[in-house]
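Working notes for the structure below.
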Amino acid sequence: MASILETAQWIESWPVAAAIRESGVLFPLIESVHVLAITFVLGTIGMIDLRLLGVSARNHAVTKLSNEIVPWTWGGFVVAAITGGLLFSSQAHKYVVNFPMQMKMIMMALAGVNMLIFEFVVSRSVEHWDSDTPTPTIAKVSGTLSLLFWIGVVVFGRWIGFTIGS
Amino acid sequence: MTFHALCEQLSTTPFSMLLQNITWIIPMTQSVHIVCIAIVIGSAAMIDLRILGVSGRSQSVSGMSNRLLPWIWVSLIILLATGAILAIAEPIRSLENPAFQAKMLMLGCAAFLTLYFQRALSTDHAFWELTPTRRVTAKMAAVVSLVLWIGIIFAGRWIAYMDIAFG
């Protein structure tokens, strides 16, 4: 059973990882798309979270807002994940032991769990409070946690840049 | 005094040195900067996509704009403040950097475009829908706006990479 480090080194040996590492411009380019995608994900999720918190779009039904926004959030997330994977592969053995990177992944996992709970538990009763302000407490908790986790992703993500060795 | 000399002097002021010496200030300020960028990008993109008829069709252009534009302007103010802190903390790295200068140029254009679009809406909320010419103009402006905001993000990221040559 390969260790995490061995797996990381194996990923780093892939041609695409080597290409990104050796090209002067590929990393910045992919990274810029990554940053763009992340800001898009945070910005769109923020709209839904702020609606759940009753701070914005109060006269829009939660489900309607969600249906319009969420496909874009997913699109952004897919781009962020692909570009993130590419960036990661280029120096996998360094990223895998980097504390902020590990925290970033944990934050994303927590955000994911929070969204699953919202989707399968909190949303069950949504017809009752779809057009309401304020939304039920549990929806507000979900929205707050979502904001905190995704902002955490941004903060830890920025921190990686300051701590990754060259 | 040359621009470079001015930047050097700025970097030796007490405030600049304070920002440089407290390790968490620059990363934290950058994080706030990025979160505000997310608000601007999310909001501007949603409005532009609505104008282009690609998304949000259950809302009117003016309804969506009225809801989202305040967020854009407040975030731009915070971005200006955090940006100023970052520029004062590292004047040479930012002010003399071509990527930074390109970013400021695009930002000026994007802000002007947003302001112009908003003022027309405030005179008549259906302003951009009244004639075929205006509808096309609005769509072109939406595309330009998207390109500018994306360019601003790329230029912003690229400051770090041109730093090596100019820092």
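Lettering of chains follows the sequences in order, A, B, ..., and the numbering in each one begins at 1.
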Tell me, side chain or backbone of A:W150 under 4.5 Å from chain B's heavy atoms, or both, or neither? neither
With a 3.5 Å cut-off and no angle check, do the side chains of B:Y161 and A:E31 form a donor-acceptor pair? yes
Output the option from B:A45, B:S58, B:G42 having the highest count of non-hydrogen pairs under 4.5 Å with chain A. B:S58
Closest-packed option against chain B by number of heavy-atom pairs under 4.5 Å, given A:I45, A:N67, A:L29: A:L29
Applying a strict 4.5 Å limit to non-hydrogen atoms, the region of A:L147 in contact with chain B is neither
Which answer fits B:W71, side chain, backbone, both or neither, if we ask what part of it has an atom under 4.5 Å from a heavy atom of chain A? side chain
Answer key: most heavy-atom pairs under 4.5 Å with chain B among A:V155, A:I69, A:V41, A:T44 is A:V155
Side chain to side chain, B:Q20 and B:S11, heavy atoms closer than 4.5 Å: yes
Which region of A:V25, side chain (C-beta onward) or backbone (N, CA, C, O), has a non-hydrogen atom less than 4.5 Å from a non-hydrogen atom of chain B, or is it both or neither? both
Check for me whether the distance between the ring centres of A:F156 and A:W159 falls short of 6.0 Å. yes
Taking atom types as modelled and ignoring hydrogens, do the side chains of A:W14 and A:S89 form a donor-acceptor contact shorter than 3.5 angstrom? no
Looking just at side-chain N and O atoms, do B:S145 and B:D48 make a donor-acceptor pair shorter than 3.5 Å? yes
Side-chain donor-acceptor contact under 3.5 Å, A:H93 with A:Q9: no
Counting heavy-atom pairs under 4.5 Å with chain A, which one of B:L49, B:V40, B:I26 comes out on top? B:L49
By a 4.5 Å heavy-atom criterion (distance strictly below it), what part of B:M28 contacts chain A: side chain, backbone, both, or neither? side chain
